[in-house]
Protein chains: 2
Amino acid sequence: MPQLDIRVTNADDAPRIRAITNAVGVFNTEEIDTVDELLGDYFSQGAAKSGYHFLSCHSDGEIVGFACFGPRALTRGAYDLFWIVADPTVGRQGIGGALLARVAQEVRSQGGRLVIAETSGRPDYASTRAFYLKYGYEAACTIADFYTPGDDLVIFVYRVPGSNTIR
Amino acid sequence: MPQLDIRVTNADDAPRIRAITNAVGVFNTEEIDTVDELLGDYFSQGAAKSGYHFLSCHSDGEIVGFACFGPRALTRGAYDLFWIVADPTVGRQGIGGALLARVAQEVRSQGGRLVIAETSGRPDYASTRAFYLKYGYEAACTIADFYTPGDDLVIFVYRVPGSNTIR
């Protein structure tokens with residue numbers, strides 16, 4: 001199995017990030033446009049100012065996945081995981097798990113305590129929901145018919161081990 | 001009891017909106033600055049482009065409360081209620097209830113189905129949580145320690161009567 005190498009995203013990565021997002025097949029045009037918007041803010045303003053942190057996963061010299069996360073305004077230590085995508089054409093190399101682990105590490109290093117991942121309750125997102133559960137995320141909440149009638153929101157929460165959660 | 005009159009917010013209302021937000025006493029500086037940012041986007045870009053809709057509640061020629069809401073990206077019909085504030089110095093005139101009713105009406109007229117209100121689980125927000133329950137919002141979800149350790153997120157959901165929720 002090839003070695004995975006996760007690095008901060010740079011501008012050269014953008015075409016592959018777009019291509020991978022398109023290739024997944026579950027995202028609609030509006031969602032794919034959102035990735036472009038966040039990338040645009042990240043490249044023009046930087047991670048700290050834009051609030052969007054991008055990580056690229058490399059394997060054998062090619063980008064095979066990416067993640068985007070950032071701090072939630074008005075909280076002390078809650079982070080949103082906006083996007084996590086693995087190239088569907090490259091087979092099971094543990095790309096998603098490696099990206100999730102690196103996101104947790106980055107969030108902890110920035111003083112974060114929680115990672116929030118919002119996803120859909122639709123049947124075609126079953127593998128996504130199983131993925132979060134596998135890596136220690138908890139399904140905290142479902143809001144029925146949130147995205148559209150019949151398409152629920154499921155909010156997953158990850159509590160960063162070792163972060164300060166003393167009450 | 002004076003008549004309440006709810007109108008779309010205009011630029012003249014900004015100083016009173018800031019003063020009321022300050023007067024409430026539960027919001028920190030970062031939160032108060034957020035109101036200013038949203039107002040700035042609303043005045044410079046308009047409601048549709050900024051995604052922030054502001055309503056002002058007038059009573060006897062004075063602004064006594066405001067609300068700010070807008071559509072949630074990547075959904076068809078979910079709206080966020082970002083702010084709803086009544087002047088704490090004017091007594092109980094039903095300002096909050098009148099604003100909530102008008103928000104529901106506006107959301108429905110824009111094709112919305114759900115209104116999401118996020119608030120704190122802290123003891124000093126007990127009256128806010130009771131307010132949402134009184135007006136038909138449901139407490140859908142709690143995420144412990146979301147804002148800070150010891151300060152939970154509570155998500156309230158209002159389902160707009162008569163909106164299309166056929167699955």
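Reminder, nothing fancy here: chain letters follow the sequence lines and each chain counts from 1. Source: prediction; values computed, not measured.
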Asks: Donor-acceptor check, side chain of B:R76 to backbone of A:P149, threshold 3.5 angstrom: yes or no?
Replies: no
Asks: Measuring heavy-atom distances to chain A, does B:T148 have an atom under 4.5 Å in its side chain, in its backbone, in both, or in neither?
Replies: both
Asks: Return a table of donor-acceptor pairs under 3.5 angstrom between the side chains of residues 125-144 of chain A and protein atoms on other chains or two or more places apart.
Replies:
residue, atom, partner, partner atom, Å
A:R129, NH1, A:S120, O, 2.9
A:R129, NH1, A:G121, O, 3.3
A:R129, NH1, A:R122, O, 2.8

Asks: Please flag which part of B:I116 lies under 4.5 Å from any non-hydrogen atom of chain A: side chain, backbone, both or neither.
Replies: side chain
Asks: Does any heavy atom of chain A fall under 4.5 Å from the side chain of B:E118, the backbone, both, or neither of them?
Replies: side chain
Asks: Select all residues of residues 38-67 of chain B having any heavy atom within less than 4.5 Å of some heavy atom of chain A, and report them by number, or 'none'.
Replies: none
Asks: Heavy atoms, side chains only, cut-off 4.5 Å: are B:T75 and A:D151 in contact?
Replies: no
Asks: When rounded to the nearest 0.5 angstrom, what is the spacing between CZ in B:F82 and CG in A:L74?
Replies: 11.0 Å
Asks: Side chains of A:F146 and B:V157, heavy atoms from C-beta outward: is any pair under 4.5 Å?
Replies: no
Asks: Is A:I155 close to chain B through its backbone or its side chain, or both, or neither, when contacts mean heavy atoms under 4.5 Å?
Replies: side chain
